[in-house]
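Structure, as C-alpha cells:
We count ligands from 1, going down the list as the structure has it; atoms in each ligand are counted the same way. For the single chain, residues carry numbers from 1 onward in sequence order.
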Amino acid sequence: GRVEAIILVGGFGTRLRPLTLATPKALLPLANVPMLERLVRSLPERVTKVALAVHHQADAIAAHFAAIDCGREVITVPETEPLGTGGAMRNCREHITGTALVFNGDIVSSLDIEAMLAQHRATGALGTLALWEVDDPSRYGVAELDGNAIVGFREKPAAGEEKSRLINAGTYLLEPEVLAMIPAGRKVSVEREIFTQLASAGLHGFPFAGSWIDAGTPESYLAANAMLLEREATAAHPGASVRGNALIAADAEITSSIVGPDTVIGAGVSLDKCVVRRSVLLAGASATGAVIEDCILGPGVAVGDDCSRMVLAAEGELRF
Ligand code: GDD
Ligand code: MG
C-alpha cells in the first residue's frame, strides 16, 4: 500500500554555521545535489506524498521544491514556533492518513526502506526505528534491543551511560497512534518524550548495515560528500573543466573533492598553483594560489590563503 512521508527539516543547522546562515541545512548540496532533494528522489515509488516539516528558512525550502519535479506530491508544513522533532510530526498529522515514514532531513544512508516496512508489518509494531551501530553513541539516541523490541531508549546519554552501541538512525515507521500520542501545540522532542515512553510498549528496531552518515557537522558533511564521491562514479563529469562557467586551470591539483558549478580553481599571486584536497566548493566559490584541505567553501566565497579544517562563508568562518 501507499505510505506518506514526513521529513523534518526545520532545525537551525547550528553546527554548520556560518554556512547555514544563508542556506538551510536541507538545501546544502551533497555531491552537488541539495541533501533534501536527494532524499526525496531516493524514496520508494509507493511514497506518493511527502510533507516537509519546516520552520527556519521555510521559504527557501518551499521555493526549491516549487521549482522542481520529484515525481510525487511535495508539500511544506510550516511551524510558527519551532516545535521540536515530535511537535513537527504532530503538526503534519492532518496530511497523513496511514503509516508515516519519517526522516531526519540530514541523513545519507543505504537503508532499505522496503525491508524495514516488511519487518514493521510482520511485527505489527506501533513504531519501527532504523538502527545503526557506532563506536561512540553519545551524540545520538541510543536504543537497547531485546530481539526486535526496543526495551530502552536514551537521547544523547552521558558518557558511560550508553546501554548499547545501536543508535537511532533518524528514520522511522510510525502508526497513526504514535502521532496521536504527541501533545499538540507545544515543543516536543520525539526522542526524549515519545520513544522513551514507547520502549517495551510497541517500539521495534530495524538494525541495518551498509552506510550511514548524519551530515549535520562540518566533519560529517565532508564525510557524506566523500562517501557519495566514492559511490557515484558519475560525480566526476568527464569534461567538467570546460562545462558552463566552471574553470579548472592547468595549475590546479584537486583530489577527493567536490567542486560545484561556476567555481574557479587556479594559480594566484603568491603560489603558482592551487591545491584542493578533501574539500567541498559550493556554487561560485573560488580558490586561487593556496593549499586548501578539509574545507567547505560556501557559495561565492573567494579564498587566496592556505586553510585547513575550516568552513568559510560570506557571513564568516569557522575552524573545526
Ligand atoms: N520541523 C522541525 N522543527 N524540524 C526540526 C526541529 C523543529 O523544531 N528541530 C529539529 N528538526 C529537524 C532537523 O532539521 C533535522 O533534520 C532533524 O530534525 C534532527 O535534528 P538534529 O538537530 O539534526 O538532531 P541530532 O542530529 O542532534 O539528533 C537526531 O538525529 C540523530 C541521528 O542523526 C536524533 O533523532 C537522534 O536520536 C539521532 O540518533
Ligand atoms: Mg542531525
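Salt bridge Arg165/Glu144: absent, no basic N to carboxylate O contact under 4.0 Å. A salt bridge is defined here as a Lys NZ or Arg NE, NH1 or NH2 lying under 4.0 Å from an Asp or Glu carboxylate O, and Asp294 with Arg277 fails to meet this definition. The pair Glu315-Arg17 does not count as a salt bridge, with every side-chain nitrogen at least 4.0 angstrom from each carboxylate oxygen. Salt bridge Arg93/Glu4: absent, no basic N to carboxylate O contact under 4.0 Å. Ion pairing between a basic and an acidic side chain is recognised when a charged N comes within 4.0 Å of a carboxylate O; Glu191 and Arg154 show no such pairing. Salt-bridge formation is not detected for the pair Glu81/Lys187: no Lys NZ or Arg NE/NH1/NH2 atom is positioned less than 4.0 Å from an Asp or Glu carboxylate oxygen.
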_Evaluate Arg186 against Glu193 for salt bridge (charged side-chain N to carboxylate O under 4.0 Å, His left out), listing each step before the verdict._
CA-CA 12 Å; Arg186 69 163 170 93; Glu193 294 192 42; 3.0 Å; yes
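The backbone of Val9, and not its side chain, has at least one atom closer than 4.0 Å to an atom of ligand 1 (non-hydrogen atoms only; backbone = N, CA, C, O). When non-hydrogen atoms are compared, ligand 1 lies under 4.0 Å from neither the backbone nor the side chain of His55. Contacts with ligand 1 closer than 4.0 Å are made by no heavy atom of Arg154, backbone or side chain.
Among all protein heavy atoms, the one lying closest to atom 34 (C) of ligand 1 is Glu191 OE2, 3.3 Å. Looking at atom 33 (O) of ligand 1, its nearest protein heavy atom turns out to be Asp214 OD2, 2.6 Å. With respect to atom 37 (O) of ligand 1, the closest heavy atom belonging to the protein is Glu155 OE1, 2.7 Å. Looking only at heavy atoms of the protein, atom 32 (C) of ligand 1 is closest to Asn168 O, 3.5 Å. Among all non-hydrogen protein atoms, the one lying nearest atom 21 (P) of ligand 1 is Arg15 NH2, 3.7 Å. Of all protein heavy atoms, the one lying nearest to atom 4 (N) of ligand 1 is Gly10 N, 2.9 Å. Nearest non-hydrogen protein atom to atom 23 (O) of ligand 1 is Asp106 OD2, 2.9 Å. When hydrogens are left out, the protein atom nearest atom 11 (N) of ligand 1 is Gly11 N, 3.6 Å; that is the closest non-hydrogen contact.
Nearest heavy-atom pair across Phe206 and Thr128 is CB-CG2, 3.9 Å.
Taking the six-membered ring for Trp and thresholds of 30 and 60 degrees, Phe195 and Tyr172 have ring planes more than 60 degrees apart, a perpendicular arrangement. By the 30° and 60° cut-offs, the orientation of the rings of Phe208 relative to Trp132 is tilted.
Interface atoms of ligand 1 facing Ala88, defined by a heavy-atom separation under 4.0 Å, are 1 (N), 2 (C), 3 (N). Numbered from 1 in the order shown, with element, the atoms of ligand 1 that lie under 4.0 Å from a heavy atom of Lys25 read 23 (O). For ligand 1, the atoms lying closer than 4.0 Å to a non-hydrogen atom of Ile107 are 33 (O). Below 4.0 Å from some heavy atom of Pro82 lie the following atoms of ligand 1, by number and element: 8 (O). For ligand 1, the atoms sitting less than 4.0 Å from at least one non-hydrogen atom of Tyr172 are 35 (O), numbered in the order shown with element in parentheses. Distances below 4.0 Å separate heavy atoms of Trp212 from the following atoms of ligand 1: 32 (C), 33 (O). The contact set between ligand 1 and Thr85, taken as ligand atoms under 4.0 Å from a residue heavy atom, comprises 18 (O). Counting atoms of ligand 1 from 1 in the listed order, those under 4.0 Å from a heavy atom of Leu83 are 8 (O).
Taking a 6.0 Å sphere around CG of Asp306, one finds it holds more than 12 heavy atoms contributed by other residues, nucleotides or ligands. Atom CG of Asp112 is surrounded by more than 12 heavy atoms from other residues, nucleotides or ligands within 6.0 Å. In this structure, Glu114 places its CD atom where more than 12 heavy-atom neighbours from other residues, nucleotides or ligands lie under 6.0 Å away. Counting heavy-atom neighbours within 6.0 Å of Lys49 NZ, excluding the residue itself, gives a total above 12.
Among Gly87, Gly84, Cys92, the residue whose heavy atom sits closest to atom 7 (C) of ligand 1 is Gly84. Among Lys187, Met89, Lys156, the residue whose heavy atom lies nearest to atom 27 (O) of ligand 1 is Lys156. The option with the heavy atom closest to atom 17 (C) of ligand 1, from among Leu39, Thr76, Asn104, is Asn104. For atom 15 (C) of ligand 1, the nearest non-hydrogen atom from the set Ile213, Ile167, Leu8 comes from Leu8.
At least one N or O atom of Gly105, backbone or side chain, sits closer than 3.5 Å to an N or O atom of ligand 1.
Take the N/O/S atoms of Asp106: the one nearest the Mg ion (ligand 2) is OD2. The atom of Asp214 that is an N, O or S and sits closest to the Mg ion (ligand 2) is OD2.
Side chains of Thr99 and Glu175: a donor-acceptor N/O pair is present below 3.5 angstrom, by distance only.
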